[in-house]
**Student:** 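Before we start, here is the structure in question, set down as structure tokens.
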Amino acid sequence: MSASNKTLPLFPEQASTNAAMVDELYFFLLALAAFFTLLVAAMVVVFAVKYRRRSPDDRPPRIHGNLQLELVWTVIPLLLSLVTFYWGAKVYFELSRPPDNTMDIWIVGKQWMWKAQHLEGVREINELHVPVGRPIRLTLATEDVIHSFYVPAFRVKMDVVPGRYTTMWFEATKPGRYHLFCAEYCGTKHSGMRGEIVVMEPADYQEWLAGGPKGDLASQGEKLFTELACVTCHQAGPTQRGPALAGLAGKPVQLAGGGSAVADDNYLRESILNPTARVKAGYDPIMPVFQGLVTEEALQALITYIKALPVTPDNVVAPAAAPAAPAAESKGH
Amino acid sequence: MSADTVGAVTHAGHGGPVGTDPDGHHDNPHLAHHFDSEEQQTEATQLGMWVFLATEIMFFGGVLTAYMIYRMKAPVPFAAASHHLDLTLGGLNTILLIVSSLTMAFAVRQAALKDRRGYLLNLIMTMILGTGFLVVKYFEYSEKFTHHLVPGPKFQWANLGQAHGAEQFFSLYFMMTGLHAIHMVIGLGLLTVILIQGRRTTFPARFKGRVETMGLYWHFVDIVWIFLFPLLYLIGRHYHGG
Amino acid sequence: MSYHAVPAPGQKNYLNNGYGLMSWLLTKDHKRIALLYLLSITFFFILGGIMAILIRYELLTPAGDLLQSETYNKVFTMHGILMVFFFLIPSIPAVLGNFLIPIMVGAKDLAFPRINLLSWYIYVVGGGFTLWAIVTGGVDTGWTFYTPYSTVYSNTKVMAAALGIFISGFSSILTGLNFIVTIHRMRAPGLTWSRLPLFVWAHYATSLIMILGTPVIAITILLVGAERAFGLGIFDPKLGGDPVLFQHLFWFYSHPAVYIMILPGMGVISEIIACFSRKNIFGYNFVAASSIAIAVLGFLVWGHHMFTTSQSVYAGMAFSIITFLVGIPSAIKTFNWASTMYKGSVSFETPMLYALGFLGLFTIGGLTGLFLATLGFDIHVHDTYFIVAHFHYIMVGGAMMSYLGGLHFWWPKISGKMYPEAWARMSAILVFAGFNLTFFPQFILGYLGMPRRYHAYPPEFQVLNVLSTAGASILALGYLLPGFYLLWSLKYGPDAPKNPFGARGLEWQIDSPPITENFTVTPVVDDDTFDYSLPEKEVAVVR
Amino acid sequence: MSEHIEKKSVYFSIFLALMVGTAVTVYVAFQDLGILNNLVMLGIAVTKATLVVMFFMHARHSSQLTKLTILASVVWLLILFTFILQDYLTRGMLPYPGK
Ligand code: HEA
Ligand code: HEA
Ligand code: CUA
Ligand SMILES: [Cu+2]
């Protein structure tokens with residue numbers, strides 16, 4: 001077990017770049033709280049002792065209040081609050097914004113287990129192997145209810161919400177095994193929906209990966225793309241009735257009926273599962289609904305494949321599309 | 001906050017002169033024992049109704065929010081589904097309700113003038129119009145049943161791609177109009193009470209106040225429909241997608 | 001002095017004005033209705049408390065061996081539902097508020113006595129549904145009813161429990177409506193807004209929330225129910241529904257609802273501290289206005305429960321900063337309370353002990369609330385025991401303490417009997433000690449990362465859990481005692497004088513217990529009526 | 001509470017305005033005005049509601065307190081709308097799914 005074996009632990013292990021940041025904030029908050037708690041306690045104790053009732057007939061004079069004091073204890077907490085807010089927001093932004101060079105992993109939660117899918121094709125359950133010192137981005141989905149992916153040693157947590165993808169990221173700093181908890185109540189075995197994050201040295205990680213099956217995720221997606229007959233409509237040819245998909249990822253899309261959207265993972269997801277909710281401008285809403293027909297895993301493969309499609313001059317999505325394929329998402333690791 | 005800086009008593013309604021009431025009882029049979037005056041009582045009742053209407057606004061507000069968000073997320077299926085509502089029936093109902101609001105306003109007015117005949121006539125008109133609304137609604141609903149537009153396992157929608165959005169639209173449609181209809185039924189019940197009481201009243205202030213209070217409720221239900229009609233039946237009519 | 005006068009025995013009062021079940025069940029007297037509420041919320045508190053004990057004993061060991069996980073989930077769900085909706089929300093408003101507000105404003109009753117009785121019946125029916133849900137199998141959704149678990153996946157009695165909460169919501173709305181109209185329309189001559197007891201101000205603010213917030217939970221629960229019962233698709237992601245929208249609607253009410261739970265308590269504390277310091281509250285205007293500020297700002301912060309739920313980052317920031325702002329009025333109140341003791345004449349009867357306990361625990365609970373409002377910090381501790389500790393510090397350490405304080409403070413008025421002071425002090429101290437032992441370790445557990453709603457946990461968390469369980473046992477004892485000695489005092493306690501604590505305010509000028517009409521003439525008050533620095537000013541209230 | 005009695009003609013004019021408003025709304029619904037469509041329709045609905053509140057419900061002659069109550073309920077409704085919208089409208093402003 002990762003967390004210390006002390007009988008009375010008081011502080012969690014720090015094992016990610018974020019952890020230190022969050023802990024600093026924690027100490028600041030503790031200091032702030034200690035200060036105000038002691039202040040209030042001191043006021044109460046001092047006044048209680050000093051002005052205790054000495055005779056039943058005490059009748060102290062009336063004091064209406066004091067405007068200066070009121071201002072003091074309005075303004076000082078206000079300023080401190082603003083500082084705290086700013087600090088908290090900064091950390092939050094860091095936690096929310098993955099760096100550019102992340103390694104991507106797909107996660108699916110279901111009652112009551114975690115499934116991880118590496119782009120290289122390896123799959124695991126209730127365990128997640130990652131290399132140390134490399135920012136990892138997780139794209140999370142759920143098959144049923146809301147779950148929450150929580151790694152205390154990394155100080156990160158993100159809910160997994162049905163109907164769409166959410167993301168989170170971390171960079172582990174110490175090899176070891178760390179708790180993975182489901183933090184959002186999800187039914188009977190919520191407390192059993194636990195696992196472990198195994199942080200390894202990069203070389204060990206490569207070795208571990210190599211022990212997995214052959215065939216990366218994008219090529220699995222390619223197979224599905226044919227099996228599910230996506231090709232009929234999405235490949236240049238006589239039957240093409242839908243837009244070309246290469247280079248689509250990350251680009252803005254004009255929608256029928258006005259408005260636009262960015263083709264992120266969630267857009268791709270919706271476009272496949274429930275395509276006519278938002279229809280691309282210039283196309284008829286004829287694409288069939290795939291909700292219920294593709295599993296979360298298949299969807300991961302399809303999206304990975306679409307994002308990895310090579311951009312060639314004749315299948316570019318829009319004239320404006322930049323020639324460069326989306327860097328991080330392209331296959332071949 | 002010393003005593004002098006504070007002006008006279010604010011608008012608190014403490015009716016009659018103080019102390020004129022040595023036994024703590026009053027002779028007015030229309031006055032509940034804990035009020036000092038009829039005026040205070042009427043004011044309290046009406047304030048109570050307005051406050052209650054504030055809760056009603058928030059109540060409908062919740063489902064309106066859901067409607068707004070989902071409509072934003074899936075405008076096309078929602079517009080398509082909205083085309084399946086019967087504009088004629090919806091329009092007819094709108095007119096019925098507006099007229100009933102007019103007659104209700106007159107009922108209140110005639111009660112204030114102590115014109116029993118006018119009061120009863122207008123009240124009955126209001127109730128007939130309200131019932132008419134519900135009858136029309138009944139036909140609208142049953143039409144939805146026969147066309148499999150009721151959400152659930154029997155729901156059918158030709159364009160599969162939009163089936164989900166459409167089902168969601170009809171879920172919200174039934175929720176919103178259903179709640180509205182329940183409010184209509186409650187309103188009719190309340191009107192029945194003041195109809196019966198109106199047959200033999202002498203129109204004391206308390207009764208007039210009660211009629212006005214019931215009127216407030218009825219008008220509120222009308223206002224809800226004033227919003228539901230365009231939101232459900234009209235938005236996106238001009239758009240011919242799907 | 002007149003306030004030592006004990007009413008002649010056998011005199012008519014609200015308690016002996018009519019006997020028999022019907023004289024209670026059909027009463028329109030706000031004081032009797034308050035007692036009806038007192039009985040029913042105590043019942044639900046005991047039930048909720050038994051659930052709490054089950055939770056704590058289950059968590060004694062890491063393995064989860066006392067209860068099955070299904071059972072455990074039902075137990076904490078019912079604990080949350082009972083404690084929040086059937087105990088704490090109605091506690092101070094429906095018992096003390098109901099009893100005192102008409103008296104404090106110099107009225108004979110609330111504006112709508114019949115509606116008042118109706119609201120108790122509604123509460124009972126709502127409670128009945130909830131009990132029925134428990135008896136026929138229980139609910140396991142957590143008190144937050146998050147979709148889609150509650151609409152699609154849970155196969156427990158969600159409908160019955162939701163219906164219970166839906167129904168009891170109307171009770172809360174009607175109570176709030178009654179208070180608002182009463183406070184606006186029924187104040188005695190001379191009772192201006194700037195003289196209004198702070199208890200009444202606090203209830204005014206509470207009522208605003210009840211009125212404007214409760215309908216939203218009602219409709220939300222209705223939507224969940226419709227989805228579950230008729231298969232309507234509103235939050236169901238399969239139809240494009242958004243579970244996060246449910247959370248928005250739920251917290252639109254449930255965050256303001258936490259202020260429904262604390263504001264009345266703040267009102268109680270204002271009265272108690274003033275009385276036992278023999279000083280009018282320091283900065284009355286600020287304390288009064290901050291109640292309203294809390295009520296209003298409290299509606300703008302609900303998204304702080306959703307920082308990790310994929311709400312947009314920008315929405316998170318907006319909610320975070322407003323959450324910090326809503327802490328300011330609480331800070332103002334806290335410092336004004338403490339300053340009230342300055343140059344006062346402080347004595348330490350039981351209500352004051354509770355009030356001082358409140359000050360400390362509310363401060364800790366409130367400040368840890370600010371921790372949670374801090375975005376970067378909340379990500380780590382959201383849905384861990386840190387949250388559990390935060391809200392118990394406020395709800396048990398704050399609201400519950402103020403409720404007990406208020407109950408002791410006005411017990412002589414309500415029952416006409418004095419409670420045994422020594423016992424009461426002892427139990428106040430037990431509660432304080434037991435409370436801290438129960439919930440302080442949970443802060444540490446939370447930061448260590450122990451998720452809430454866990455029926456089994458990794459073994460390294462055990463020691464802290466054992467401490468917590470030990471504390472809960474002491475706490476239970478502390479709560480048991482008042483049950484006994486308050487009942488005992490009904491029969492054996494000495495008769496209470498009109499004003500046993502030398503307090504100011506109209507309620508202390510009438511008999512203990514009051515007559516059914518409260519006043520025989522409408523009282524006329526002025527500033528001196530409430531002034532602690534002057535000898536008590538008699539207002540003509542009874543002839 | 002006022003003993004103010006409106007003239008019949010006032011009620012009839014309001015009624016007329018409501019009917020005309022309804023007719024205009026239906027007419028507008030079938031014109032393509034882009035985003036204006038919804039704005040006009042909702043604008044008319046708000047106007048109609050205001051007329052009903054002011055005249056049929058006598059808010060015009062009611063106490064300040066009643067007016068305050070009405071105002072508060074509208075403001076709170078807007079709080080509900082805008083604070084939920086501010087989440088939905090700012091979603092996707094950071095280019096990471098679910099942020
Ligand atoms: C009575 C109930 C009550 C009250 C009054 C409060 C008050 C506050 N709460 Fe709490 N809260 C709950 C009950 C309550 N809460 C519950 C039940 C939950 C969990 C729900 C669930 O998920 O099941 C919760 C959860 C909760 C969360 C969500 C955490 C999460 O799930 O991740 C947050 C986040 O911001 C929060 C913040 C606050 C804040 C800032 C206050 C503020 O109002 C506190 C203000 C008080 C003070 C600030 C102290 C006094 C001030 C001073 C001594 C001066 C110094 C002050 C400054 C420097 C500003 N609370
Ligand atoms: C008013 C609100 C309130 C109150 C008073 C309490 C009181 C207590 N609560 Fe609770 N609690 C909540 C509101 C409240 N709680 C909520 C909203 C949740 C979240 C639920 C959810 O996640 O959905 C929660 C969750 C919660 C948990 C977390 C469960 C989990 O996440 O897995 C725990 C764990 O320790 C706990 C403990 C306690 C304890 C020990 C008390 C003690 O203070 C109780 C002590 C009282 C008594 C023991 C009763 C008095 C005794 C008698 C009358 C005699 C009979 C008793 C015996 C058999 C001994 N509560
Ligand atoms: Cu999955 Cu909790
Ligand atoms: Cu909150």
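In what follows, chains are A, B, ... by sequence order, proteins preceding strands, each numbered from 1. As the structure is a computational prediction, the values presented were derived from the model and not from experiment.
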**Student:** Quick one: does C:Ile234's side chain get under 4.5 Å of B:Gln168's, heavy atoms only?
**Tutor:**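 SC-SC contact between C:Ile234 and B:Gln168 ruled out.
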**Student:** Please report the interatomic distance CD(B:Glu43) to CE(C:Met186), rounded to the nearest 0.5 Å.
**Tutor:**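 Here the rounded value is 12.0 Å.
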**Student:** Name the region of B:Ile57, side chain, backbone, both or neither, that has any atom closer than 4.5 Å to a heavy atom of chain C.
**Tutor:**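 Contact with chain C is absent: no heavy atom of B:Ile57 under 4.5 Å.
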**Student:** Residues in ring-ring contact (aromatic ring centres under 6.0 Å, His included) with C:Phe99, at least two apart?
**Tutor:**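 Partners of C:Phe99 under the ring-ring contact (aromatic ring centres under 6.0 Å, His included) test: C:Tyr14.
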**Student:** With a 4.5 Å heavy-atom cut-off (strictly below), which parts of residues 181-198 of chain B touch chain C? List them by number.
**Tutor:**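 Within residues 181-198 of chain B, near chain C: nothing under 4.5 Å.
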**Student:** Quick check on C:Leu212 against chain B: is it the side chain, the backbone, both or neither that has a heavy atom closer than 4.5 Å?
**Tutor:**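 For C:Leu212, heavy atoms of backbone and side chain both lie under 4.5 Å from chain B.
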**Student:** So, do B:Thr55 and C:Leu177 sit near enough that their side-chain heavy atoms are less than 4.5 Å apart?
**Tutor:**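 Sidechains of C:Leu177 and B:Thr55: no contact.
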**Student:** Nearest heavy-atom pair of C:Gly233 and B:Ser171: which atoms, and what distance?
**Tutor:**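 That would be N-OG, 2.8 Å.
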**Student:** Is B:Ala74 in contact with chain C via its backbone, its side chain, both, or neither, using a 4.5 Å heavy-atom distance?
**Tutor:**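 Neither; nothing under 4.5 Å.
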**Student:** Which bit of C:Phe246 comes within less than 4.5 Å of chain B, counting heavy atoms only: side chain, backbone, both or neither?
**Tutor:**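 Answer is neither: C:Phe246 stays 4.5 Å or more from chain B.
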**Student:** Below 4.5 Å from any heavy atom of chain B, which atoms of C:Lys28 appear? Answer side chain, backbone, both or neither.
**Tutor:**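 No part of it gets close to chain B.
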**Student:** Looking only at heavy atoms and a cut-off of under 4.5 Å, which of C:Gly106, C:Ala218, C:Gly241 has the most pairs with chain B?
**Tutor:**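 Max contact count across the listed options: C:Gly241.
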**Student:** Measuring heavy-atom distances to chain B, does C:Leu249 have an atom under 4.5 Å in its side chain, in its backbone, in both, or in neither?
**Tutor:**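 It is the side chain, since no backbone atom gets that close.
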**Student:** For C:Leu222, which atoms come within 4.5 Å of any heavy atom of chain B: side chain, backbone, both, or neither?
**Tutor:**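 Both parts, backbone and side chain.
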**Student:** Looking at side-chain heavy atoms only, is the closest gap between C:Leu232 and B:Phe170 below 4.5 Å?
**Tutor:**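 No, every pair of side-chain atoms sits at 4.5 Å or beyond.
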**Student:** Quick one: what part of C:Asp242 sits under 4.5 Å from any heavy atom of chain B, side chain, backbone, both or neither?
**Tutor:**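 Contact with chain B is through both the backbone and side chain of C:Asp242.
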**Student:** Donor-acceptor pairs under 3.5 angstrom involving side-chain atoms of residues 58-67 of chain B: please list them, not counting sequence neighbours.
**Tutor:**
| unit_1 | atom_1 | unit_2 | atom_2 | d |
| --- | --- | --- | --- | --- |
| B:Thr65 | OG1 | B:Gly61 | O | 2.6 |
| B:Tyr67 | OH | B:Arg71 | NH1 | 2.7 |
| B:Tyr67 | OH | B:Leu231 | O | 2.6 |

**Student:** Measure across C:Ala226 and B:Met175 and return the closest heavy-atom pair with its distance rounded to 0.1 Å.
**Tutor:**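 So the two residues come closest at CB-SD, 3.7 Å.
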**Student:** Not counting sequence neighbours, which residues clear side chain to side chain donor-acceptor pair (under 3.5 Å) with C:Thr182? List them please.
**Tutor:**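 Side chain to side chain donor-acceptor pair (under 3.5 Å) check on C:Thr182 returns nothing, list empty.
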**Student:** Hey, could you give me the CZ/CD1 distance between B:Phe52 and C:Ile180, rounded to the nearest 0.5 Å?
**Tutor:**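 Here the interatomic distance stands at 14.0 Å.
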